[in-house]
Amino acid sequence: DVSFELPGSGLKGRSLILAPCSGHFEPGTLVALMGPSGCGKTTLLDILAAKKTSPYSGSVHLNGRERDNLFPRITSYVPQDDIMFPTVTVKEQVLFHTVLKTEVPRGVTREMIDNATRLRLKAVGLEEVQDYLIGSDVVRGISGGQRRRVSLACGLATGAQIFFCDEPTSGLSATDAEQCVRYMRVLCKKYGVSIIVAIHQPRQEVAVLFDHLLLLTNPGDVVYNGPMREAKRYWSDAGFPVPELISPTDYFLDLVTPGTLDSQVSHFLEFYRVHGKATVDKLVDEQLHNQRMTALQLLEERRARLLTVGDMPPVRNSIYGVRFRKQLQKVFCRQVRLLLRDQQGVLTEILVAIAQALVVGAAYIGIGKGQDAGYHQVGFYFMLVMTCALSGIKVMPKAIAERTVMKLEVSEVLYSDWAYIIAFTSLNLLLSLLCNAIFVTLVFLLSELEWTVYPIVLLWNSIIYIAMDSVYLMVAAAAKDSSMAQILLAPILTMAMLFNGFTVSRKSVPDFMAWALELSPVSHAMEEMVLAIQQRIDSMELKVVETLFGFESHLDRSLGVLLGWFLVFRIAQIVCLKSLHHIKR
């Protein structure tokens, strides 16, 4: 009796999406959830897969038992959109799912894992393309039909015993769609898994591959729930035999789609209520009392088979298949691989840092050798601080793009979001600090300043970079897209960059805005760097400039402000990543 309604608004009442629906699917069954657009087939699929994030009525049982927290470990959800990183290979994508969903026995070698992966890829027709990149609109890779089968292979690699597929043939050619469903049937019969597919209107060659048909009409009422091979006879019994040379599924949908010329929705609803519903309800009642293995027992059984290969840890009563340490290790290694393969990644960032350094350096070339250069040198330090503070903006589009894949994988309980947060943040910070150091070093080289002050310049520019980087990553985590990120970032940047200690200094800021100068990380980094340089080289010119701008050294306060920006925005980033932009269904 699972059902779903959308809450009403104003004078409009609640909208029925899925009427109370019951059913039972045996292992090794390929099930089609069919019906016209808006009939609730995807809603039903999401409820069965425990992916529905909105409240619904009714209950779903596995082996006659209520689903528990281990249900995601024995199931796999294949969404309508193939959301994967484009620069990983087919084999790497499947291996990633393998090692994160199941502990590997100690006796298993890398060669054995590769052979097992090759067999799984062969089962879905991907053995020949296992070393090809997944690809995307801008990265050349495998075809759309093959990408859809990669998702099936990933589920198979995790040991899933039930697959839920949301319109896996949409966007595919007729040939690719038939091939995709044929491979699903092979998986059902060869591995004994159940595959439940929400599909709109398959052609006849595809429809006959399904074992079971659950046909819905608007708004979410069942008109048939039984074996696919018996559907034609059921239609004949209802008084509408399928004509010769007509695709049965096309004919079924024509009769149960409201508003069409041949629509017989009321007739079939009544016929199912009288002749079909009682049989289904009886079967459901019988199976609810036929309690088979729990999810934990199924996992224990899988472990018992694997123990013949080598020792392995006990089954964890957790939604995650492996410990956090292993999650972090695998996610970190993949992030490194993605970083190295990204054509616009490491090399581009280094080249941009070099080009940026040459442009800025050319503007201040030889400034360290000029006469009466105190004011101009302070301007040079100010430009360095501002450039480093703004450099981290470039990470925002990448962080937003990767977040979608991360959210999908976290919803599949492949790993904890903490594993991704730690891996992405640390790698991004290391690469960014490297590029920042290259930029500062080259600019400093062209400026011909005394090398005794280089450590001071590098230190404070690195500190301001780290503080501002946390701001950009927080905004990327909070914003829905890049456009929204720019809107959210504007007021924060205005406050941090305007009150910078140079164009707006202690001597020029109005009293009622002095607090903004005290809270600006750029102002504190600027002041402390210039004061430290003056102490190191004892320059009278810099001393005059310090007096002009009212620079004051409060090292503890400055470090506190910079650390505060880092901690506050880093914590906000984590909160946003964990609580916002979940996959909602």
May I ask you to test the [X]-[Y] pair for a side-chain heavy-atom distance under 4.5 Å?
| X | Y | result |
| --- | --- | --- |
| His97 | Ser76 | no |
| Gln335 | Tyr420 | yes |
| Ser151 | Met84 | yes |
| Phe96 | Val331 | yes |
| Leu390 | Met497 | yes |
| Ile571 | Ile574 | no |
| Val410 | Ser416 | no |
| Ile319 | Leu70 | no |

Closest contact, heavy atoms only, [X] versus [Y]:
| X | Y | value |
| --- | --- | --- |
| Val561 | Leu519 | CG1-O, 3.7 Å |
| Ser553 | Glu528 | OG-OE1, 3.3 Å |
| Gly321 | Glu103 | O-CG, 3.8 Å |
| Ala476 | Ala399 | CB-CB, 3.8 Å |
| Arg570 | Asp469 | NH2-OD2, 3.5 Å |
| Arg557 | Glu518 | NH1-OE1, 3.0 Å |

Take Val352 and Cys435 through the test side chain to side chain contact (heavy atoms under 4.5 Å, CB included) and record every step on the way to the result. CA-CA 9 Å; Val352 167; Cys435 294; over 6 Å; no

Kindly compute the distance separating [atom1] ([X]) from [atom2] ([Y]), expressed to the nearest 0.5 Å.
| X | Y | atom1 | atom2 | result |
| --- | --- | --- | --- | --- |
| Ser558 | Leu563 | OG | CG | 12.0 Å |
| Ser505 | Leu548 | OG | CG | 7.0 Å |
| Cys154 | Leu414 | SG | CG | 8.5 Å |
| Arg536 | Leu542 | CZ | CG | 13.5 Å |
| Leu493 | Leu498 | CG | CG | 11.5 Å |
| Leu555 | His524 | CG | NE2 | 11.5 Å |

Determine, using ring centers only, whether [Y] and [X] are less than 6.0 Å apart.
| X | Y | result |
| --- | --- | --- |
| Phe380 | Tyr364 | yes |
| Phe549 | Phe502 | yes |
| Phe444 | Trp451 | yes |

Can a donor-acceptor pair be found, under 3.5 Å and without considering hydrogens, that links the side chain of [X] to the backbone of [Y]?
| X | Y | value |
| --- | --- | --- |
| Arg148 | Asp82 | no |
| Thr425 | Ile422 | no |
| Ser523 | Ser520 | no |
| Lys407 | Leu577 | yes |
| Asn428 | Phe424 | no |
| Ser426 | Ala423 | yes |
| Glu541 | Tyr375 | no |
| Thr387 | Met383 | yes |
| Arg73 | Ser318 | yes |
| Trp460 | Glu527 | no |

Could you give me the CA-CA distance, side-chain angles and deciding distance for Lys51 and Leu45, then say whether side chain to side chain contact (heavy atoms under 4.5 Å, CB included) is met? CA-CA 8 Å; Lys51 296 296 183 182; Leu45 184 80; over 6 Å; no

With the threshold set at 4.0 Å, does a side-chain nitrogen-carboxylate oxygen contact exist between Glu92 and Arg341? yes

Can you tell whether the side chains of Asp114 and Arg118 come within less than 4.0 Å, N to carboxylate O? no

Ignoring hydrogens and geometry beyond distance, is a side-chain donor-acceptor pair present between [X] and [Y] at under 3.5 Å?
| X | Y | answer |
| --- | --- | --- |
| Gln146 | Arg149 | no |
| Tyr77 | Glu412 | no |
| Thr89 | Asp131 | no |
| Asp46 | Thr43 | no |

[atom1]/[X]: more than 12 non-hydrogen atoms of other groups inside 6.0 Å:
| X | atom1 | answer |
| --- | --- | --- |
| Tyr320 | OH | yes |
| Lys394 | NZ | yes |
| Lys584 | NZ | no |
| Lys480 | NZ | no |
| Met495 | CE | yes |

Let's go through Asn317 and Asn69 carefully: what are the C-alpha distance in whole Å and the side-chain angles of both, what is the deciding distance for side chain to side chain contact (heavy atoms under 4.5 Å, CB included) to 0.1 Å, and is it a yes or a no? CA-CA 8 Å; Asn317 190 11; Asn69 65 313; 3.8 Å; yes

Check for me whether Arg334 meets the cation-pi criterion with Phe85, that is, NZ or CZ under 6.0 Å from the six-membered ring centre and within 45 degrees of the ring axis. no

Stepwise, does the side chain to side chain contact (heavy atoms under 4.5 Å, CB included) test hold for Val530 with Met526? CA-CA 6 Å; Val530 173; Met526 178 70 186; 4.0 Å; yes

Pick one: which of Glu409, Lys101, Lys330 meets side chain to side chain contact (heavy atoms under 4.5 Å, CB included) with Tyr415? Glu409

